Amino acid sequence: MSRTTFLNVDDTKAGMADLDKEKINKLIQEASKNSKFFKQQQRREEENRRRIEVKLSKIKSFSNFQIEQAEKSADRYLNQLDKTRDLSRIFCHIDMDAFYASVEMRDNPTLQHVPMAVGGEGMLSTSNYLARQFGVRAAMPGFIARHLCPNLVIVPCDFEKYRTDSSKIMKIISEYDENYGSCGLDEAFADLTNHLQIRKTLSEEQRTFPKEENSIQTIIFGITAEETVQEIRHRIYLTTRLTASAGIACNMRLAKLCSDINKPNGQYQLESNVNIILNFIRNLPIRKIKGIGKVVFLS
DNA sequence: TACATACAC
DNA sequence: TATGGTGTATGTA
């Protein structure tokens with residue numbers, strides 16, 4: 001669940017590809033202007049522009065010699081990092097699809113075919129995919145969301161309920177990596193390397209799960225990382241009736257990037273091959289990298 | 001070191 | 001009419 005800032009709709013997340021961004025941004029501006037918040041943001045933007053100017057003029061003042069030295073030292077550092085590169089492990093990142101919204105839709109089917117969001121009038125936590133079509137997103141105030149989507153249904157947060165589902169999900173993940181790490185209620189990382197070794201010795205029965213809850217039909221999952229993650233997602237669905245997306249790669253950051261690719265209810269594996277990985281990173285929009293937000297992106 | 005800012009969920 | 005709460009990392013005085 002990411003942040004939408006006051007001026008522009010954040011189109012970097014799933015479900016926002018074909019929106020009329022110009023129209024949405026205009027509506028957001030219309031609803032925001034004259035507010036204290038808006039003026040505060042404008043002041044900060046101005047301050048940031050000034051800081052970027054200072055940086056640029058500093059960059060211009062560097063001599064060719066200084067630039068060469070800096071490049072050399074960067075290369076030395078990169079060389080060092082190259083040596084520490086480890087492609088031998090396999091991580092996965094599990095990311096629940098529109099988590100709070102999905103829980104509410106599961107528990108109240110009348111919400112399933114309407115644009116809805118979870119949160120308060122002051123601030124929304126997340127929205128379902130139908131609402132995202134209107135530009136309604138996490139971290140957007142409810143009253144602005146209503147400008148974008150007058151029929152929006154807003155459901156209050158019920159963290160107790162989300163925590164219950166979350167702990168069921170985390171329990172499943174822990175069976176694949178006892179040292180898994182969670183990130184909020186709807187995300188987790190697991191290092192599957194050890195499990196994949198052990199998995200080779202598991203019987204077919206141990207890799208078999210019912211197709212549906214209480215169904216006699218079953219699915220047998222194979223021993224690859226891809227199939228292991230399918231198994232995890234399937235088990236999460238069996239237990240919670242919620243869908244998850246997942247990414248598989250040789251480290252956590254790459255796995256996280258991969259979980260976004262086939263969202264919702266999909267997964268993507270990045271091959272552990274240096275050239276493939278470098279190519280993947282090269283083609284990445286810079287905003288997708290952890291730590292690069294709106295402000296750093298502009299500078 | 002303290003305080004502010006940016007970022008993520 | 002109106003824009004959260006919490007934690008971490010990083011930059012700056």
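So you know, we letter chains A, B, ... as the sequences are listed, proteins then strands, and number each from 1. Note that the structure is predicted; figures quoted are calculated from it, not measured.
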Rounded off to whole Å, could you give me the CD-to-C1' distance for the A:Glu30 and C:dT1 pair? 15 Å
Tell me whether the side-chain N/O atoms of A:Asn48 come closer than 4.0 Å to OP1 or OP2 in B:dT5. no
Could you work out which one of C:dT3, B:dC7, B:dC9 sits closest to the side chain of A:Val295? B:dC7
In whole angstroms, how far is the C1' atom of B:dA6 from the NZ atom of A:Lys290? 12 Å
Per the salt bridge (charged side-chain N to carboxylate O under 4.0 Å, His left out) rule, what does the pair list look like for residues 212-227 of chain A, sequence neighbours excluded? A:Glu212-A:Arg241
If you check every side-chain atom of A:Lys294, which of C:dT3, B:dC7, B:dA8 has the closest atom? B:dC7
Take the protein atom CE of A:Met123 and the nucleotide atom P of C:dA2, then report the distance between them rounded to whole Å. 14 Å
Whole angstrom value for the distance that separates P of C:dG4 from CZ of A:Phe159: 14 Å
Over 12 foreign heavy atoms within 6.0 Å of CD, A:Gln112: yes
Could you list, one pair per line, each protein nitrogen or oxygen that sits under 3.5 Å from a nitrogen or oxygen of nucleotides 11-13 of chain C, together with the distance?
none

For atom CD1 of A:Ile286, decide whether the heavy atoms of other residues, nucleotides or ligands shown that lie under 6.0 angstrom number more than 12. no
Distance test, side-chain N/O of A:Lys288 to OP1/OP2 of B:dC7, below 4.0 Å: no
Mind checking the C1' distance from B:dC7 to C:dG4? Whole angstroms is fine. 15 Å
Provide, to the nearest angstrom, the distance between the CD atom belonging to A:Glu45 and the P atom belonging to B:dT5. 15 Å
Less than 4.5 Å apart, side chain to side chain, heavy atoms only: is that true for A:Gln29 and A:Phe38? yes
Taking any heavy-atom pair under 4.0 Å as a contact, classify A:Leu185: base, sugar-phosphate, or nothing. nothing
From CZ of A:Phe297 across to C1' of B:dA8 the rounded distance in Å is 18 Å
Expressed as a whole number of angstroms, how long is the span from A:Leu148:CG to C:dT3:P? 17 Å
Among C:dG4, B:dA8, B:dC9, find the nucleotide with the atom closest to the side chain of A:Cys183. B:dC9
From B:dA8, C:dT3, B:dC9, nucleotide with atom closest to A:Arg287 side chain: B:dA8
Kindly determine whether A:Asp260 and A:Lys263 satisfy salt bridge (charged side-chain N to carboxylate O under 4.0 Å, His left out), including the steps that lead there. CA-CA 5 Å; A:Asp260 239 21; A:Lys263 184 167 260 302; 5.6 Å; no
Please list every stem that involves DNA chain C, where a stem is a run of 3 or more consecutive Watson-Crick or G-U wobble pairs with both pairing distances under 3.5 Å. B:1-9 with C:5-13
How long is the line joining CZ of A:Arg43 and P of B:dT5, in whole Å? 7 Å
Does some side-chain heavy atom of A:Phe280 sit less than 4.5 Å from a side-chain heavy atom of A:Glu271? no
Between the base of C:dT3 and the side chain of A:Ser32, is there a donor and acceptor pair under 3.5 angstrom? yes
If you count the non-hydrogen atoms of other residues, nucleotides and ligands that lie under 6.0 Å from NZ in A:Lys161, is the total more than 12? yes
If you only use heavy atoms from C-beta on, which nucleotide in C:dT3, B:dA8, B:dC7 is closest to the side chain of A:Val296? B:dC7
I'd like to know whether CZ of A:Phe297 has more than 12 heavy-atom contacts from other residues, nucleotides or ligands below 6.0 angstrom. no
Does A:Gln66 have more than 12 heavy atoms from other residues, nucleotides or ligands lying within 6.0 Å of its CD? yes
Counting only heavy atoms not in A:Met252, do more than 12 fall under 6.0 Å of its CE? no
